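First up is the structure itself, then whatever we jot down about it.
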Amino acid sequence: MVAQALSGEEPFSGGDHRHFHTIRGLFPVPSLTMHFVMAGDDGTTTIDSLEEKHILIGRGTFSAGEAARYFELFDLKDTVRLADASITNGAEALRNGQIDAYVTASSFPTPNVMETASLVPITLVSFTDEQIALTGAVRQIIPGGTYPGIADSVTTTSLPVMAYATEKMDDETAYLLTKGFWEQKANLAEQSAWWEGVSPDDLAHLSTPLHPGALRYYDETGIELPEGIRQE
């Protein structure tokens, strides 16, 4: 959305865009990670395994849009049969044998996939680097052991998510917010495991430079920053 706003794309076309250029980054939060969840105990499999399958992707969500795009990219559009139901029914429908697979996007470990894997064997689709390059999305690794029965790491894609402010936020507030986040990240991870996967490397996906207050924290702590996120 930030990138769309900066470039004046829909839904941000028209009007005064000057304020969008004051948006600045603070820190990353857990990404929306694509999960292609199949019934079965194969651990991991390839996207081709979805051919001729009955799949629930939901409607009107990020994961539904990405799933439909991937089916077209990998010549599956005319072979898969889409279930007409909400994605909230995915885990139950898979357990009951009403579908062969479902697609969801959430920070990992995502609760509905954990629930499914705790009750029935599941298989996750893992992509090659060449396939990920074709999608144009960000490469994401789900470590082996994240889900019951999935011993190997899963290579998939994700939508990075960031905390942003604008230059109207004073430097001290931005500094304290950023400092507070990183100092409490371990505590957050104890409460919800998906915070564990957040790292300063994720800052490479910022759509804007860092807020000067946030930059002060990173420089003080000696965190190595990706190129291009210091304001020129």
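Note that the structure is a prediction, hence the values are computed from the model and not measured. Sequential numbering from 1 along the given sequence is applied to the chain's residues.
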Got a list of side-chain donor-acceptor pairs under 3.5 Å for residues 20-35, not counting sequence neighbours?
{"residue": "Thr22", "atom": "OG1", "partner": "His19", "partner atom": "O", "Å": "2.7"}
{"residue": "Arg24", "atom": "NE", "partner": "Glu167", "partner atom": "OE2", "Å": "3.3"}
{"residue": "Arg24", "atom": "NE", "partner": "Gln231", "partner atom": "OE1", "Å": "3.4"}
{"residue": "Arg24", "atom": "NH1", "partner": "His21", "partner atom": "O", "Å": "3.2"}
{"residue": "Arg24", "atom": "NH2", "partner": "His21", "partner atom": "O", "Å": "3.4"}
{"residue": "Arg24", "atom": "NH2", "partner": "Glu167", "partner atom": "OE2", "Å": "3.0"}
{"residue": "His35", "atom": "ND1", "partner": "Thr33", "partner atom": "O", "Å": "2.8"}
{"residue": "His35", "atom": "NE2", "partner": "Tyr147", "partner atom": "OH", "Å": "2.6"}

I'd like a table of donor-acceptor pairs (distance under 3.5 Å, sequence neighbours excluded) in which one partner is a side-chain atom from residues 36-51, with atom names and distances.
{"residue": "Thr45", "atom": "OG1", "partner": "Ser49", "partner atom": "OG", "Å": "2.5"}
{"residue": "Ser49", "atom": "OG", "partner": "Thr46", "partner atom": "O", "Å": "3.3"}

### Query
Can you name the side chain to side chain donor-acceptor pair (under 3.5 Å) partners of Glu183, sequence neighbours left out?
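Glu183 satisfies side chain to side chain donor-acceptor pair (under 3.5 Å) with Lys179 once adjacent residues are dropped.
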
### Task
Quick one: list whatever passes side chain to side chain donor-acceptor pair (under 3.5 Å) with Thr61, sequence neighbours left out.
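If we apply the side chain to side chain donor-acceptor pair (under 3.5 Å) test to Thr61, skipping adjacent residues, the hits are Ser63.
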
### Query
What pairs meet the ring-ring contact (aromatic ring centres under 6.0 Å, His included) rule with one or both residues in residues 44-63, with sequence neighbours excluded?
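Listed by first then second residue: nothing to list.
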
### Task
Mind jotting down which residue pairs meet the salt bridge (Lys or Arg N to Asp or Glu O under 4.0 Å) criterion with at least one end in residues 145-164? Sequence neighbours excluded, please.
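Salt bridge (Lys or Arg N to Asp or Glu O under 4.0 Å) check on residues 145-164 returns no pairs.
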
### Message
Going by salt bridge (Lys or Arg N to Asp or Glu O under 4.0 Å), name the pairs with one or both residues in residues 99-108, residues two or more places apart or in two chains.
### Response
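Residue pairs passing salt bridge (Lys or Arg N to Asp or Glu O under 4.0 Å), neighbours aside: none found.
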
Mind checking what makes salt bridge (Lys or Arg N to Asp or Glu O under 4.0 Å) contact with [X], not counting sequence neighbours?
X      : answer
Glu172 : Arg216
Glu92  : none
Glu190 : none

### Message
Looking only at side-chain N and O atoms, does Glu115 offer a donor or acceptor that is under 3.5 Å from a partner on Ser118?
### Response
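Checked: Ser118/Glu115 side chains show no N/O donor-acceptor pair below 3.5 Å.
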
### Query
Is the closest side-chain donor-acceptor distance between Asp170 and Thr173 under 3.5 Å?
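The criterion, which ignores hydrogens and geometry beyond distance, is satisfied for Thr173 and Asp170.
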
### Query
Under a 4.0 Å N-O cut-off, is there an ion pair linking Arg69 with Glu72?
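Between Glu72 and Arg69 there is no salt bridge, as every charged N stays at least 4.0 Å from the carboxylate O atoms.
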
### Task
Sequence neighbours left out, what pairs pass side chain to side chain donor-acceptor pair (under 3.5 Å) with at least one residue falling in residues 193-212?
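Output for this query is empty, none listed.
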
Check: residues 75-84 side-chain donor-acceptor pairs under 3.5 Å, at least two apart:
{"residue": "Thr79", "atom": "OG1", "partner": "Leu76", "partner atom": "O", "Å": "3.1"}
{"residue": "Asp84", "atom": "OD1", "partner": "Arg59", "partner atom": "NH2", "Å": "2.5"}

### Query
Do the side chain of Thr178 and the main chain of Ala174 share a donor and acceptor less than 3.5 angstrom apart?
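Yes; judged by distance alone, with no hydrogens or angles, the pair exists.
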
